[in-house]
8 protein chains.
Amino acid sequence: MDEKYLRHLLELVRSGKTPVEDAMQEVRDLPFANLGFACVDHHRAIRQGQPEVIYGEPKTGEQIAAIAQEIARHGQNVLITRVSADKVDEIRKALPDIAYDTTSKLAKLLVSPIPLRPQTVVIVAAGTGDIPVAEEARHTLLMTGFNPAPMYDVSVAGIHRLMAGRKDLMQADAVIVVAGMEGALPSVVGGLVAGPVIAVPTSVGYGTNLSGLTPLLAMLSSCANGVVVVNIDNGFGAAMAVHRMFARTGGEAHAK
Amino acid sequence: MDEKYLRHLLELVRSGKTPVEDAMQEVRDLPFANLGFACVDHHRAIRQGQPEVIYGEPKTGEQIAAIAQEIARHGQNVLITRVSADKVDEIRKALPDIAYDTTSKLAKLLVSPIPLRPQTVVIVAAGTGDIPVAEEARHTLLMTGFNPAPMYDVSVAGIHRLMAGRKDLMQADAVIVVAGMEGALPSVVGGLVAGPVIAVPTSVGYGTNLSGLTPLLAMLSSCANGVVVVNIDNGFGAAMAVHRMFARTGGEAHAK
Amino acid sequence: MDEKYLRHLLELVRSGKTPVEDAMQEVRDLPFANLGFACVDHHRAIRQGQPEVIYGEPKTGEQIAAIAQEIARHGQNVLITRVSADKVDEIRKALPDIAYDTTSKLAKLLVSPIPLRPQTVVIVAAGTGDIPVAEEARHTLLMTGFNPAPMYDVSVAGIHRLMAGRKDLMQADAVIVVAGMEGALPSVVGGLVAGPVIAVPTSVGYGTNLSGLTPLLAMLSSCANGVVVVNIDNGFGAAMAVHRMFARTGGEAHAK
Amino acid sequence: MDEKYLRHLLELVRSGKTPVEDAMQEVRDLPFANLGFACVDHHRAIRQGQPEVIYGEPKTGEQIAAIAQEIARHGQNVLITRVSADKVDEIRKALPDIAYDTTSKLAKLLVSPIPLRPQTVVIVAAGTGDIPVAEEARHTLLMTGFNPAPMYDVSVAGIHRLMAGRKDLMQADAVIVVAGMEGALPSVVGGLVAGPVIAVPTSVGYGTNLSGLTPLLAMLSSCANGVVVVNIDNGFGAAMAVHRMFARTGGEAHAK
Amino acid sequence: MDEKYLRHLLELVRSGKTPVEDAMQEVRDLPFANLGFACVDHHRAIRQGQPEVIYGEPKTGEQIAAIAQEIARHGQNVLITRVSADKVDEIRKALPDIAYDTTSKLAKLLVSPIPLRPQTVVIVAAGTGDIPVAEEARHTLLMTGFNPAPMYDVSVAGIHRLMAGRKDLMQADAVIVVAGMEGALPSVVGGLVAGPVIAVPTSVGYGTNLSGLTPLLAMLSSCANGVVVVNIDNGFGAAMAVHRMFARTGGEAHAK
Amino acid sequence: MDEKYLRHLLELVRSGKTPVEDAMQEVRDLPFANLGFACVDHHRAIRQGQPEVIYGEPKTGEQIAAIAQEIARHGQNVLITRVSADKVDEIRKALPDIAYDTTSKLAKLLVSPIPLRPQTVVIVAAGTGDIPVAEEARHTLLMTGFNPAPMYDVSVAGIHRLMAGRKDLMQADAVIVVAGMEGALPSVVGGLVAGPVIAVPTSVGYGTNLSGLTPLLAMLSSCANGVVVVNIDNGFGAAMAVHRMFARTGGEAHAK
Amino acid sequence: MDEKYLRHLLELVRSGKTPVEDAMQEVRDLPFANLGFACVDHHRAIRQGQPEVIYGEPKTGEQIAAIAQEIARHGQNVLITRVSADKVDEIRKALPDIAYDTTSKLAKLLVSPIPLRPQTVVIVAAGTGDIPVAEEARHTLLMTGFNPAPMYDVSVAGIHRLMAGRKDLMQADAVIVVAGMEGALPSVVGGLVAGPVIAVPTSVGYGTNLSGLTPLLAMLSSCANGVVVVNIDNGFGAAMAVHRMFARTGGEAHAK
Amino acid sequence: MDEKYLRHLLELVRSGKTPVEDAMQEVRDLPFANLGFACVDHHRAIRQGQPEVIYGEPKTGEQIAAIAQEIARHGQNVLITRVSADKVDEIRKALPDIAYDTTSKLAKLLVSPIPLRPQTVVIVAAGTGDIPVAEEARHTLLMTGFNPAPMYDVSVAGIHRLMAGRKDLMQADAVIVVAGMEGALPSVVGGLVAGPVIAVPTSVGYGTNLSGLTPLLAMLSSCANGVVVVNIDNGFGAAMAVHRMFARTGGEAHAK
């Protein structure tokens with residue numbers, strides 16, 4: 001039952017062609033049978049130049065290509081996460097314009113312009129091994145209109161290097177901190193800046209890193225109040241958290 | 001070495017009383033020996049009507065009272081977290097104006113007015129047992145100028161009840177979702193709203209709740225993109241995360 | 001917006017007093033703003049002589065008493081789980097007719113008769129320590145119209161004793177198996193009977209029992225196909241699982 | 001000692017050829033030495049058109065083929081779980097009629113008709129990655145006479161889509177819910193329907209999904225009472241749990 | 001159906017009063033309906049001067065007293081494990097002759113003499129905190145006829161002290177090694193002696209001892225081949241393992 | 001310093017050629033500098049027809065071959081555990097007489113006869129997947145003179161099958177029980193037999209089997225008293241535990 | 001057999017009163033039967049003004065008093081760790097001179113002077129809650145002759161404060177860093193100083209601190225190379241690690 | 001802002017060309033904007049013949065080669081850890097003088113002589129499988145001027161072999177103990193020697209070794225006081241811990 005049908009039904013009621021009790025029956029089923037237009041509202045908000053996202057890992061190249069084509073046909077940009085080069089080769093047969101970043105394993109299909117966002121986001125990565133996760137965050141943010149500044153290879157052990165970029169960190173609207181090993185960096189950044197800090201633990205490290213569980217737990221226990229955390233290696237999620245923060249302000253930045 | 005001394009030193013250099021090489025030596029040690037004034041800058045930003053926070057649990061009543069008095073003397077409000085009624089009785093001897101909320105186990109000392117913030121925050125709590133954590137978030141937000149709206153006893157199993165408050169959720173500038181058991185509520189809320197969602201797992205439940213580890217891990221694995229998570233039972237941390245989000249916009253809300 | 005209002009609205013449309021577009025607006029918000037009557041439908045199915053359940057643990061006696069009175073006023077039976085004797089004393093002041101079982105820590109308030117159910121349920125408990133959990137299941141089933149047969153102190157190590165009750169097990173419509181220690185009993189029962197087996201791990205044991213995690217994991221790994229598992233010490237949940245199995249057949253048992 | 005021998009023994013007793021004490025001795029060993037005919041009874045119940053199941057993973061193709069041939073010779077259908085395409089190629093040499101489903105990795109050999117069952121089962125899968133597990137449940141149910149309805153790609157984050165299929169869910173005799181990530185879907189489904197809900201956690205996800213442990217623990221902690229859980233990725237087990245539920249009603253459905 | 005009845009039945013068959021087919025029917029149900037006499041056989045072997053064991057922890061004093069009286073009435077000794085002094089006071093009202101060891105929390109009731117066993121058993125305890133567990137093993141062994149030699153306060157860190165008792169260790173028929181902390185002692189003992197070594201991890205220690213999990217896992221990973229392990233703090237289980245080793249040799253020791 | 005030298009030294013003392021103080025000095029260093037002959041004693045006991053064992057996994061084929069040759073040169077049999085077929089091919093170049101069992105991945109080199117042992121050992125394996133571990137135990141026992149009887153594919157779910165072999169189990173001098181999945185079998189066997197039961201958990205299973213941790217923990221929590229446990233998949237260790245049990249009785253069995 | 005006896009034995013050999021073969025027999029048993037004098041050597045090194053340590057937790061006050069008296073009688077200082085005030089009251093009856101520190105729960109008995117050590121040790125504690133552990137380290141070091149400088153309440157989040165004490169840290173011979181929460185502080189200190197850093201995780205924190213496991217694992221994963229770690233809350237162990245570092249240099253410090 | 005600029009600025013102040021207030025502004029930003037020269041100081045201390053370390057695992061051969069060339073150009077030695085042979089082949093194209101050790105997977109580039117250190121370090125490895133980790137420690141120590149003595153294949157189970165090397169252990173300035181399985185060796189070594197003991201757990205073993213977690217936890221729980229621990233398989237870290245211990249004494253050994 002779509003909105004057209006609802007209007008039609010109400011007009012039938014008005015005209016007396018459908019008795020009130022019969023309309024009652026149809027409308028009573030409406031909440032669950034036909035939440036469709038609520039979804040449309042929701043989707044409309046999302047779709048203003050934002051990409052639809054496909055989680056590539058558990059899908060075949062063929063499946064991804066089909067979904068991406070369907071999305072692109074509606075004029076929406078497509079972002080595919082965790083997709084291997086092999087699958088991209090397959091997808092490219094159907095969608096030759098697809099772009100692929102081998103570091104972050106993200107693929108993009110641009111069919112409509114992305115409205116730029118004024119907020120500044122800094123992405124800090126502790127070590128070289130954390131860069132793929134940081135780049136996943138960066139490319140996702142690019143697709144949603146942000147232009148994040150990378151601040152990579154900043155290790156806690158050499159805290160001096162972090163200090164050098166301190167000014168940029170303190171002026172950022174949001175900071176994403178990507179770190180493996182013991183995950184201490186977000187505590188340090190959280191102590192330096194007053195704005196939002198989103199911590200992303202990574203599985204970089206061995207032994208007691210426990211595939212990222214240790215930095216995850218450490219970040220959640222951070223003595224820097226108000227640091228928030230996303231799943232291990234989830235650069236995409238951190239970018240989406242930034243997106244949520246500014247979802248309601250849209251293209252209009254808050255006063256600086 | 002404070003700012004006064006630095007000025008004095010530079011004046012000695014200018015007057016020729018201190019040779020350049022001697023001044024070099026003193027300034028070279030400055031970065032680490034005397035970061036004090038940088039701290040002051042940082043603190044100044046924080047102090048504009050914001051409370052200083054004391055983590056009450058590992059401290060005696062006497063220790064807390066001493067710290068609180070010191071802070072209050074500088075005209076700053078004091079927020080004490082995880083403090084037992086016993087300790088508050090002891091603190092009250094020194095600070096009779098202290099207010100205490102038995103549900104959240106937060107104590108407050110107000111010595112200066114709190115500038116109000118225009119952002120709307122909704123705090124959703126899944127069950128009755130989650131209310132103390134939700135209240136910790138609410139009282140912390142009250143102390144930082146927000147006036148969050150509680151939406152308690154919203155259980156996932158009866159999703160209908162959540163739907164009733166959907167409008168308020170979708171219009172909120174930030175939503176804190178507090179849930180124990182299996183921690184499914186943030187996924188549901190994250191699917192309904194486009195704005196920031198901060199999930200707080202609680203230790204409410206038994207057996208496989210694993211003292212809150214299960215909802216924590218579930219929230220981090222949420223299929224609702226961009227949901228962020230804080231430590232178990234950490235209502236205070238969730239409030240501080242909201243505080244960070246609007247730290248740079250201060251009292252001027254973004255356009256609605 | 002309740003059903004009355006919807007009828008009223010539709011009659012206003014029919015009479016032309018409310019334009020179709022205005023009604024559109026109100027009905028459009030209906031799915032989420034007012035799912036109430038859908039809930040009622042759902043509740044109606046549940047309420048046919050079934051108790052409303054209050055999880056007692058995180059609530060005060062006073063809170064429980066208030067909720068229970070509200071439920072009883074609507075003529076519905078009340079089941080309170082995990083409630084201490086202390087709280088029951090407090091509840092009894094408001095509700096003198098409340099009955100309490102100290103073993104299972106369940107309290108009951110009967111205000112309407114419970115329609116009996118013809119299905120046979122057997123509750124097997126491995127050891128003495130598992131009996132409180134088994135009794136939680138048994139009393140919950142009694143409140144929903146079943147009359148389960150207890151088969152307690154059946155230990156795996158003395159499998160001979162289990163065999164003696166084998167006939168009853170094989171003829172049961174459902175078997176609940178409660179076991180701590182290593183949780184082997186459901187595998188054995190699952191091998192003996194063809195009907196549904198619901199396994200309840202308990203925290204009875206020490207060391208490697210890991211507060212019930214070991215029997216939980218063991219039951220989930222059971223080599224007896226189709227055995228299902230509920231949370232540790234969750235006798236109530238096992239009873240509710242039985243309730244679900246026969247929820248649609250109601251009082252009419254399937255042919256035996 | 002088979003039944004023939006027992007009759008022979010009793011006749012020897014009756015004829016006085018075997019003294020009572022000697023017969024005593026033989027019968028005393030009977031419980032454990034010869035439970036064979038009890039097994040036959042048990043097996044007979046199972047065999048009425050039901051498949052014998054071979055767990056393919058730890059066996060070679062050759063081993064599987066030998067067992068399957070033996071079963072098929074007795075006129076029974078064969079279901080092989082978790083078997084790779086390679087092994088099926090090998091099995092096919094001996095059993096050319098074997099059918100294989102690459103998604104669920106199930107192989108089937110049909111040698112006798114499957115009596116249909118009237119119960120309706122719905123299989124809900126949260127995401128694309130959960131479909132292999134859901135299909136394992138579906139194909140297993142097909143082999144036992146059910147005709148389950150798939151409801152795939154229903155994600156919690158977009159709860160609206162779940163609502164659309166709510167009617168089918170509420171009318172099902174049993175619902176299997178397959179979900180990875182945070183495993184929130186069974187809580188939502190359990191809140192919507194009154195009938196049996198069998199939750200299957202999957203290892204779909206990364207990081208804090210912990211190879212399926214997180215959705216497993218979350219499902220066991222579900223605030224929707226009476227939801228039962230099987231092992232991670234165990235679609236077969238969920239189907240067998242459904243099979244157990246209706247094992248005693250056989251082909252005669254309960255009244256609807 | 002007991003043995004008397006079986007004899008009666010067979011005599012009825014012999015006399016022709018019961019037809020073979022009727023007897024067939026009764027005997028066919030025998031395996032599961034009446035395994036009683038098989039159990040008696042099994043029990044007879046156990047009962048030769050051996051105690052019946054009651055696990056005291058999850059039982060009330062009253063329950064324990066009732067069970068113990070029942071056992072003692074049959075002339076069997078009683079061993080009660082993990083029983084508090086409070087409960088023993090209660091038990092003593094009914095059974096004034098009960099003996100209690102406060103270190104191991106074992107109670108004993110001797111009603112028949114214990115046949116001595118010739119095997120030598122040494123119980124090694126790493127530290128003072130491990131003595132209660134070691135004593136639980138020692139008292140259990142005393143009740144089954146062994147006379148184990150305690151070798152307590154032997155710490156790995158001072159391996160010299162272990163060496164002093166090396167001769168006794170090498171000549172023992174079995175060695176029980178009780179250790180908390182890191183659980184290294186069984187590896188050392190296992191390297192010194194060729195006979196059976198039963199390792200008992202204890203929860204003595206803090207932090208990374210993980211309530212005994214660490215020594216448990218360490219003992220299972222022991223580089224001394226053939227060391228076997230029982231549950232954490234399970235001195236009773238270690239004693240029973242020794243009992244099993246010599247269960248078939250009974251009072252006649254193997255040649256030395 | 002060997003025994004010869006010690007005798008020589010003492011004779012030098014006796015003859016007055018070495019002063020007492022000088023001898024003191026040499027003997028004082030003896031405990032640690034020269035424990036060699038104690039080791040020889042220890043080794044002598046082990047070497048009577050027993051194999052020396054090489055843990056193959058972390059060594060190259062070349063390394064293994066060198067060690068094996070060295071051992072064989074001294075007339076001792078060699079047992080190599082966890083060695084791949086590839087490495088055996090390499091070893092065979094140097095030691096053409098080496099025998100290899102592909103199921104258990106054990107290699108053997110026989111250079112001296114193995115004295116037979118009279119004790120009977122039964123090895124029970126729950127499922128097909130557990131056979132490699134069971135065979136590792138069996139081949140190790142064969143190399144130490146035992147002739148264990150395999151009782152494979154005995155699943156808990158079909159407990160009837162176990163009962164059939166009950167007589168052999170009850171008469172065995174030791175029983176090894178190998179089981180993956182939920183590890184319930186040792187509890188059942190431990191309830192049936194009075195003699196020693198050595199439980200070997202295996203990593204057979206998926207999901208909640210947790211690579212064998214679940215059956216390990218379950219076996220340690222067994223309600224069958226006195227069951228002992230070895231490391232996951234450690235068939236070799238179980239065999240060595242049997243070896244330890246009869247190490248002191250040697251070839252002379254205890255009376256049966 | 002002590003040194004006196006050995007000399008006596010050798011003199012008997014020299015005088016011909018004891019034949020060489022008889023002496024051989026006695027000396028052959030010496031390595032294990034009488035390692036006593038080796039221990040003495042070892043102890044002598046330790047005893048030069050160093051305390052003997054008693055782990056107080058698992059012992060009664062009476063037991064501790066007896067051991068302490070025995071040690072003090074030999075002129076050695078006594079250090080008792082993890083001892084409650086109650087037990088100290090009891091110990092004081094026997095040893096009135098015992099001193100007790102309520103923060104660290106350490107008791108001391110000084111009977112001989114402590115030779116001072118020239119090395120400088122700094123103890124950094126992250127928060128107020130970490131001070132008891134830091135004090136345990138400090139008092140232990142005091143008892144072994146060090147005079148460590150406390151640097152408490154240095155939190156990572158406010159890294160500026162750490163910087164202020166940087167000079168002292170860089171000049172210390174060893175730094176102990178005590179931290180709970182996420183355990184990031186040792187990484188920061190390890191990046192600042194080149195000397196030895198001993199990290200002590202504490203159980204201060206809640207939820208994901210996991211009773212200290214999270215800072216433990218984080219410290220072990222530290223990106224600051226060469227940081228070493230001791231058990232959770234083990235201030236004593238950290239002090240002993242410092243003691244080991246300078247054990248061979250004794251009172252003579254290395255050049256500075 | 002480097003040192004040159006600071007001097008220039010101060011000279012401008014002295015000459016009156018830059019007012020004090022302007023200089024104030026620049027110097028105020030100095031702590032964080034320009035910590036560079038502090039870093040240089042820190043680095044200078046490190047660089048005296050010490051290698052710069054590259055963690056090879058998460059980098060490509062090309063990346064490593066670029067970094068190594070840069071370091072070598074400054075006359076510093078390069079140590080590359082956890083680098084595969086493949087990557088070394090690639091690196092060798094750019095840096096033909098690179099040396100590679102296949103056992104420890106370390107690569108080295110020597111461009112300046114390494115000043116020798118007088119301290120003696122012993123590296124004990126429990127089994128053959130632990131040698132790669134031990135060699136990682138040894139080669140790292142060689143690169144920092146130490147000449148550690150390997151003492152490999154010393155298993156706890158055969159403690160006699162350890163005793164033979166006891167003298168060397170007791171005289172070492174530091175002992176590194178590498179052990180997998182149950183990790184008991186450091187406790188034994190820690191009991192024998194008074195000097196510093198650094199324990200390195202390894203992932204050698206199976207099942208309950210838990211990829212090295214078990215020896216890690218066991219080592220942290222060691223009853224030998226003052227033993228310190230580094231991450232699993234982290235031979236490099238243990239070497240760096242030794243390096244830290246003697247970092248301040250440099251080439252001048254403490255008196256022996």
Side-chain angles (χ1 to χ4, degrees), chain E residues 125-130 153-163 166 169-170 177-194 197 199 201-229 232, chain H residues 125-130 153-163 166 169-170 177-194 197 199 201-229 232:
Chain E
T128 307
D130 302 319
D153 266 317
V154 171
S155 170
V156 169
I159 207 157
H160 325 288
R161 278 171 283 172
L162 183 72
M163 293 298 177
R166 172 177 160 274
L169 288 172
M170 293 189 72
V177 187
V178 182
M181 313 293 275
E182 83 279 53
L185 199 54
S187 291
V188 175
V189 172
L192 285 175
V193 312
V197 176
T202 74
S203 51
V204 171
Y206 52 90
T208 51
N209 172 274
L210 296 182
S211 308
L213 266 183
T214 291
L216 171 75
L217 295 167
M219 288 166 176
L220 287 160
S221 301
S222 173
C223 54
N225 295 322
V227 168
V228 292
V229 186
I232 297 161
Chain H
T128 307
D130 302 319
D153 266 318
V154 171
S155 171
V156 168
I159 205 155
H160 324 288
R161 279 170 283 172
L162 182 72
M163 293 298 178
R166 173 177 159 274
L169 288 172
M170 292 188 74
V177 187
V178 182
M181 314 293 276
E182 84 277 53
L185 199 53
S187 290
V188 176
V189 172
L192 286 175
V193 312
V197 176
T202 73
S203 52
V204 171
Y206 52 92
T208 51
N209 173 274
L210 295 181
S211 307
L213 265 183
T214 292
L216 170 75
L217 294 167
M219 288 165 176
L220 286 160
S221 301
S222 173
C223 54
N225 296 321
V227 168
V228 293
V229 185
I232 297 163

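The chains referred to below are lettered A, B, ... by the order of the sequence lines, with proteins before strands, and numbering in each begins at 1.
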- Item | Residue-level interface, residues 202-212 of chain H with chain E, non-hydrogen cut-off under 4.5 Å | H/T208, H/N209, H/L210

- Message: For H/L217 and E/L217: C-alpha separation, side-chain torsions, deciding distance, then whether side-chain contact (heavy atoms from CB on, under 4.5 Å) applies.
- Response: CA-CA 9 Å; H/L217 294 167; E/L217 295 167; 5.5 Å; no

- Message: I need the E/M181 CE to H/C223 SG distance, nearest 0.5 Å.
- Response: 5.5 Å

